[in-house]
K.L.:
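Right, I'll just put the structure down here and ask away after.
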Amino acid sequence: MVTVLFALAASHVLRHGVRSPGTGRRDRVDHLLHFVMAAAMTAMVWSPGRSLSGRTMTVLFTAAALWFPLTALHHRTAHTTVAIAGRLRPAAGMAAMAWMLHTPHGRAVPSHETLAGGVPVAHRGAAVGHTAGASATGVWVTGLPAVYLLGCAMRSLTRPIPSLRSATDAAHRAAATDP
């Protein structure tokens with residue numbers, strides 16, 4: 001099911017990037033970067049191990065994360081801060097993708113291995129209260145984009161949706177009064 005959702009998102013973004021008339025180069029690159037991210041997430045669902053991770057993908061998504069706020073600086077108007085703020089959500093998504101591909105996700109030390117003391121890795125992590133190899137900086141770098149993106153999603157879901165009824169009512173009234 002997740003594969004289908006990511007594939008649909010990828011095809012939707014690619015279609016908009018290719019077929020949207022009158023879009024500029026920046027919008028086309030934005031759509032292309034979103035397509036690459038959705039395609040990578042589609043592949044990640046079925047990827048056993050670290051086949052997508054690595055320096056190339058991390059650099060690609062880091063550059064994509066920088067693309068969004070830096071392209072807002074193009075015009076350098078009085079509203080530059082607002083323009084940058086408007087492009088932070090896709091930048092945070094790309095940064096999270098770069099971080100996700102950069103971190104080992106526990107694959108560096110499989111849970112079935114044991115440490116030198118003979119205690120299984122999974123039990124040692126539970127006894128200490130954190131996972132093996134996780135640093136405080138890594139937790140913050142993982143947590144901040146996650147909280148920001150969750151906040152953006154909640155804001156998106158709770159925004160008032162404009163009523164379609166008022167627009168159709170006005171159209172019906174105009175049609176009724178027009179002879």
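Since the model is a prediction, treat every value here as computed from it, not as a measurement. Basis for what follows: all heavy atoms, side chains included, without hydrogens, waters or symmetry-related copies.
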K.L.:
Please name the pair of heavy atoms, one in His34 and one in Pro90, separated by the smallest distance, quoted to 0.1 Å.
P.N.:
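That closest heavy-atom pairing would be NE2-CB, 3.7 Å.
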K.L.:
Give, for atom CG of Leu149 and atom CE of Met154, the distance between the pair rounded to the nearest 0.5 Å.
P.N.:
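It is 13.5 Å, given to the nearest 0.5 Å.
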K.L.:
Hey, are the side chains of Thr71 and Arg87 touching, using non-hydrogen atoms and a 4.5 Å cut-off?
P.N.:
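When only atoms from C-beta onward are counted, Arg87 and Thr71 do touch, with a gap below 4.5 Å.
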K.L.:
Scan the side chains in residues 5-13 for donor-acceptor partners under 3.5 Å anywhere in the protein, sequence neighbours excluded, and list what turns up.
P.N.:
unit_1, atom_1, unit_2, atom_2, d
Ser11, OG, Ala7, O, 3.3
Ser11, OG, Leu8, O, 3.0
His12, NE2, His16, NE2, 3.3

K.L.:
For a 4.5 angstrom cut-off between non-hydrogen side-chain atoms, does Trp99 reach Thr62?
P.N.:
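Counting from C-beta outward, Trp99 and Thr62 never come under 4.5 Å.
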K.L.:
Using the side chain to side chain contact (heavy atoms under 4.5 Å, CB included) rule, take His31 and Leu14 through it: C-alpha gap first, then chi angles, then the decisive distance, then the call.
P.N.:
CA-CA 6 Å; His31 286 298; Leu14 183 63; over 6 Å; no
K.L.:
Any chain of hydrophobic side-chain contacts (each under 4.5 Å) joining Leu66 to Val59?
P.N.:
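No; tracing contacts between hydrophobic side chains, which count when under 4.5 Å, never links both residues.
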K.L.:
Taking all atoms of both residues into account, what is the closest heavy-atom pair of Met57 and Ala40, and its distance?
P.N.:
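What the structure gives for the nearest pair is CE-CB, 4.2 Å.
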K.L.:
Just so I know, are the side chains of Ile84 and Phe68 near enough to count as touching, which here means a heavy-atom distance under 4.5 Å?
P.N.:
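Side chain of Ile84 against side chain of Phe68, heavy atoms only: no contact under 4.5 Å found.
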K.L.:
Please find the pair of heavy atoms, one from Pro69 and one from Ala65, that lie closest to each other, and give the distance.
P.N.:
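For Pro69 versus Ala65, the nearest heavy atoms are CD-O, 3.0 Å.
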K.L.:
How long is the straight-line distance from CZ of Arg25 back to CG of Asp27, given to the nearest 0.5 Å?
P.N.:
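Going from CG on Asp27 over to CZ on Arg25, the span is 11.0 Å.
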K.L.:
Connecting only ILVMFWY residues whose side-chain heavy atoms lie within less than 4.5 Å of each other, what is the rest of Leu144's hydrophobic cluster?
P.N.:
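Joined to Leu144, directly or through intermediates: Trp140.
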K.L.:
Please give me the minimum heavy-atom distance between Ser156 and Arg89, naming the atom from each residue.
P.N.:
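What the structure gives for the nearest pair is OG-NH1, 4.1 Å.
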K.L.:
Any chance you could measure Trp67, atom CH2, to Leu32, atom CG, to the nearest 0.5 Å?
P.N.:
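CG of Leu32 is found 10.0 Å from CH2 of Trp67.
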K.L.:
Would you say the side chain of Met44 lies within less than 4.5 Å of the side chain of Met97, judging by non-hydrogen atoms?
P.N.:
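Yes, at least one pair of side-chain atoms sits under 4.5 Å.
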K.L.:
Show, in sequence, the C-alpha distance, side-chain angles and deciding distance for Leu88 and Tyr148, and conclude whether the side chain to side chain contact (heavy atoms under 4.5 Å, CB included) test is met.
P.N.:
CA-CA 10 Å; Leu88 281 182; Tyr148 176 74; 3.5 Å; yes
K.L.:
Determine whether Met100 and Pro145 make a side-chain contact, defined as any pair of heavy atoms from C-beta on separated by less than 4.5 Å.
P.N.:
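No, too far: nothing below the 4.5 Å cut-off.
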K.L.:
Considering residues at least two apart in sequence or located in another chain, which fulfil the side chain to side chain donor-acceptor pair (under 3.5 Å) criterion with Thr3?
P.N.:
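Expected list: Trp46.
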